[in-house]
Structure formats: structure tokens, C-alpha cells
Amino acid sequence: MAKKYWLMKTEPDAFSWSDLKTAPGRTEMWDGVRNYQARNFMRDDMKPGDGVLFYHSRVNPPGIVGLASVTGKPYADPTQFDPDSKYYDPKSKTEDPRWWLVDIKAERDLTRPVSLPELKEIPGLEDMCVIQRGMRLSIQPVTAEEWKIIRRVGKPKAIG
DNA sequence: GCCAACGTTGGC
DNA sequence: GCCAACGTTGGC
């Protein structure tokens, strides 16, 4: 199975690139996704080693701030069973969990984060999901070509 | 199964 | 903070 590529959005006030980098093992579970399409990507399509563009939304400017990877297999999002969590879902059953997640690991910093306005200007990224108007999906597939272009622009470096 | 109302997302 | 776009809910 060929390696796939993804873009994953987060509001840095809630969970940021720096939060991921400082997590134990630079790894954290991607909890709180409550959208079926995004869930399906994690549950059915993501594989360990897949590349992840880590994207900050609702900041100025929004954009890609780091490179991460999928680690391990999908499992049930524990927050759905936690009444104290804002992601609690009373309709989800332990024996048939509704929400799934994967763990994400920080891999590389970007020498230059790639902002949304910039993404819109880069040749070859015209069809990228994240720049399309009204695109709210928090997890999006990225093509190998788009991944390559963004690496070229962002100049990944070791996490320091 | 339709679709209006509602809640959320996320750029600006 | 605004509000357009979108997804979900629930009455019928």
C-alpha cells in the first residue's frame, strides 16, 4: 500500500503544533473529531507512516506549520465515553464506538510555514482541498504532488 | 425521505 | 466579532 498524505486542521488555542512537539514521544491522539467524513479517513484510510500537513486554523494567517505522521492503528476515541469531556457522545456505545482516531507524531519543523494566502498562489496547488471556498473538512486528503510542492516551499528541518 | 431550522467552522 | 458555507437534526 502506497504512502498517503493528509492535511489535518487544528485551532492552536485548543491544540497547537508546539503542543504536539512537546507531547511525550512528540505523539498525541487526534481526539474530538465529530464529523463522519473525517472519521472515515482516520478509521478506514490512514496507515502508519502516512504524511500529515499540520494546519493551524482560525489564526492570522492560517496555514501549514509542520510535518507529522500517522502512527499506529485507529482506535476508539476515548473522549466520546467521558461525560466530563466536551466531546462526550451519549449515543455512542462501548461495544460499537461511533468515533475513531489515530495517533499523530511531529516529524519535521518547517523553515518557512506556508500560509493559506501563499498556498493559493503556488502553481500546482490549484486543486488542493484546503484552498477551496467553503471547505470545512478538518481532515483532507493531499496528493503526493501537493505534498512534494509544500515540502519544497516549506523546507523541512529537524525539530529543534 | 424531505427540508427548514439550527449549530459549527473558519476565513476575514 | 461577523457571517457565509456547510453538516446535522428532527418534525412531518
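So that the names make sense, note that chain A is the first sequence line, chain B the second, and so on, each numbered from 1.
- Contact check on A/D77 versus A/R34 returns a salt bridge, with a Lys/Arg side-chain nitrogen under 4.0 Å from an Asp/Glu carboxylate oxygen.
- Evaluation of the salt bridge (Lys or Arg N to Asp or Glu O under 4.0 Å) rule for A/D31 yields no partner, not counting sequence neighbours.
- Ring orientation note: the planes of A/F15 and A/F54 are tilted relative to one another, at an angle of 30° to 60°.
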Can you give each donor-acceptor pair under 3.5 Å made by side-chain atoms of residues 150-160 of chain A, sequence neighbours left out, with the distance rounded to 0.1 Å?
none

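- For the segment residues 6-17 of chain A, the set of residues with a heavy atom within less than 4.0 Å of an atom of DNA chain C is empty.
- Taking the side chain as every heavy atom from C-beta outward, A/W147 and A/E145 never approach each other to under 4.5 Å.
- Spacing between atom CG of A/L116 and atom C1' of B/dC12 amounts to 10 Å, rounded to whole angstrom units.
- There is a path of hydrophobic side-chain contacts, each under 4.5 Å, that joins A/V130 to A/I64.
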Identify all side-chain donor-acceptor contacts of residues 117-128 of chain A below 3.5 Å with residues at least two apart in sequence or on another chain.
unit_1	atom_1	unit_2	atom_2	d
A/E118	OE2	A/R112	NH2	3.0
A/E126	OE1	A/G124	N	2.9
A/E126	OE2	A/G124	N	3.2

Tabulated below should be each protein N or O lying under 3.5 Å from an N or O of nucleotides 7-10 of chain C; please produce it.
unit_1	atom_1	unit_2	atom_2	d
C/dG7	O4'	A/R136	NH2	3.2

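- The nearest whole Å value for the distance from the NZ atom in A/K120 to the P atom in B/dG11 is 8 Å.
- Legend: ring pair (Phe, Tyr, Trp, His ring centres under 6.0 Å) pairs involving residues 64-116 of chain A, not counting sequence neighbours, sorted by first then second residue: A/Y36-A/W99.
- One atom, CG of A/L119, and another, P of B/dG11, lie 11 Å apart when rounded to the nearest Å.
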